2 protein chains.
Amino acid sequence: MNDVKLTSTLAFRLGTLGAVVTERFSARLAAHGLKPKHVGLLAILEAGTATSQLDIAKLMNVAPSLVVSLADRLEELGAVRRERDPFDRRRQTLALTAEGRELLAACTGAAAELDAELTDGLRLEEVKALRSVLGTIAGRSGLPAD
Amino acid sequence: MNDVKLTSTLAFRLGTLGAVVTERFSARLAAHGLKPKHVGLLAILEAGTATSQLDIAKLMNVAPSLVVSLADRLEELGAVRRERDPFDRRRQTLALTAEGRELLAACTGAAAELDAELTDGLRLEEVKALRSVLGTIAGRSGLPAD
DNA sequence: TCGCAATCATTCGAATTCTGAACGATGCGG
DNA sequence: CCGCATCGTTCAGAATTCGAATGATTGCGA
């Protein structure tokens with residue numbers, strides 16, 4: 001008989017740990033008036049992976065209508081400008097403003113702080129290995145790998 | 001200047017990856033009529049970490065009222081029996097039934113399958129290291145460490 | 001022993017988050 | 001020019017979770 005513990009499976013652990021970490025990240029982001037998904041959108045814009053709202057929705061695995069409200073909020077904060085694509089006026093292009101870059105940097109800093117808490121006491125090589133393996137798993141799951 | 005990418009922070013990656021993995025786990029669980037939290041509850045019962053609903057709620061970082069509906073569902077499936085604690089009749093203790101054990105085993109198997117998909121192609125030592133590090137991070141975050 | 005505050009489970013209304021089905025505007029092939 | 005697909009938007013509602021109110025029970029202090 002196989003007596004694997006549920007709590008030691010990656011599936012369960014990544015799920016629960018992900019929820020806890022997101023919660024903590026979200027708490028830090030609250031100071032900036034943002035939620036994790038807002039920051040995820042900013043990161044996509046900075047990476048240049050997508051600019052139209054529909055493409056962003058696909059990258060984020062999220063309904064296009066959700067991108068609308070995320071963009072609304074970000075525009076309200078001056079982090080993002082909405083521009084009609086002149087070559088296809090159906091498309092709304094989202095452009096990162098200078099404030100948007102600052103905001104993203106601040107939020108990335110918050111994430112880095114949280115990282116420091118999470119990995120406190122761990123050996124550097126362990127953390128590097130962790131990042132590396134999570135990167136490959138993420139990449140294989142359709143998420144950005146680096 | 002520090003040009004850390006948001007997507008490479010553990011905070012963000014654990015969050016997004018956790019969401020994706022939970023989604024996939026949830027899809028497999030649907031065949032058994034359960035959600036991840038139901039299975040988490042069953043795992044707590046099997047581990048014997050808590051039996052009263054309130055203690056379970058604390059362990060799961062969840063409102064007591066949510067445990068009620070989770071337990072309702074599990075009782076409905078015959079996976080769990082509700083018994084009044086004879087020494088404190090305010091307390092409802094949840095007891096795993098034989099079916100509950102089977103169900104948990106099946107769900108743990110589903111998680112293990114998912115693990116295999118996630119770690120396919122990775123070296124065994126990498127996976128072991130991943131489990132180990134995630135275990136310590138989880139333990140430090142108030143989650144079961146093994 | 002009586003009464004009162006605390007504890008536990010439960011119910012229920014509400015907040016949050018997200019999706020999916022419309023709809024209008026725009027682009028494109030014939 | 002017309003039908004049809006695409007994109008953004010709106011909006012109703014599904015899903016999940018919490019928090020406050022309630023009732024039953026307990027334990028404690030006077």
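These figures come from a predicted structure and were not determined experimentally. By convention in this document, chain letters (A, B, ...) are assigned in the order of the sequence lines, proteins followed by strands, and residues within each chain are numbered from 1.
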What integer distance in Å separates Leu54(A):CG from dG27(C):C1'?
15 Å
Between dA9(C), dA25(C), dA6(C), which nucleotide has the shortest distance from any of its atoms to the side chain of Arg90(B)?
dA6(C)
Side chain of Gln92(B) (C-beta onward), nearest among dT9(D), dT11(C), dA9(C)
dA9(C)
Within the modelled atom types, does a donor on one side and an acceptor on the other bring the side chain of Arg89(B) and the base of dT25(D) under 3.5 Å apart?
no
Side chain of Leu66(B) only, please: which of dT19(C), dA6(C), dT17(D) is the nearest?
dT17(D)
Most 5' of Thr51(B) and Lys37(A) on DNA chain C, judged by nearest nucleotide:
Thr51(B)
Using atom NE2 of His38(B) as one end and atom P of dT17(D) as the other, report the distance to the nearest whole Å.
9 Å
Could you tell me the separation between the CZ atom of Arg73(B) and the C1' atom of dT10(C), rounded to a whole number of Å?
19 Å
Provide, to the nearest angstrom, the distance between the CG atom belonging to Leu41(A) and the P atom belonging to dG8(D).
12 Å
For Arg91(A) and Gln53(A), does a side-chain donor sit closer than 3.5 Å to a side-chain acceptor?
no
May I ask you to say what Ser52(A) touches in the nucleic acid, namely base, sugar-phosphate or nothing, with a heavy-atom cut-off under 4.0 Å?
sugar-phosphate
Starting at CG of Leu70(A) and ending at C1' of dC18(C), how long is that distance when rounded to a whole Å?
10 Å
Do the side-chain N or O atoms of Arg84(A) get closer than 4.0 angstrom to the phosphate oxygens (OP1, OP2) of dG27(C)?
no
Quick one: do Glu125(A) and Lys128(A) make a salt bridge, cutoff under 4.0 Å?
no
Check this for me: does any side-chain nitrogen of one of Arg82(A) and Asp72(A) sit under 4.0 Å from a carboxylate oxygen of the other?
yes
In whole Å, I'd like the distance from the NZ atom of Lys58(B) to the C1' atom of dA9(C).
13 Å
Can a donor-acceptor pair under 3.5 Å be found between the side-chain atoms of Ser65(A) and the base atoms of dG8(D)?
no
Any salt bridge between Glu113(B) and Arg28(B), counting N to O under 4.0 Å?
yes
Rounded to the nearest Å, what distance is computed from the CZ atom of residue Arg91(B) to the C1' atom of nucleotide dT25(D)?
12 Å
Looking at dT16(C), I'd like to know if its phosphate oxygens (OP1 or OP2) sit under 4.0 Å from a side-chain N or O belonging to Lys35(A).
no
Starting the side chain at C-beta, find the nucleotide from dT11(C), dT25(D), dC18(D) nearest to Val62(B).
dC18(D)
Measure the distance from CG on Leu94(B) to C1' on dT10(C) and round it to the nearest whole Å.
13 Å
May I ask you to say what Val67(A) touches in the nucleic acid, namely base, sugar-phosphate or nothing, with a heavy-atom cut-off under 4.0 Å?
nothing
Cationic N near anionic O, under 4.0 Å, Arg131(B) to Asp115(B):
yes
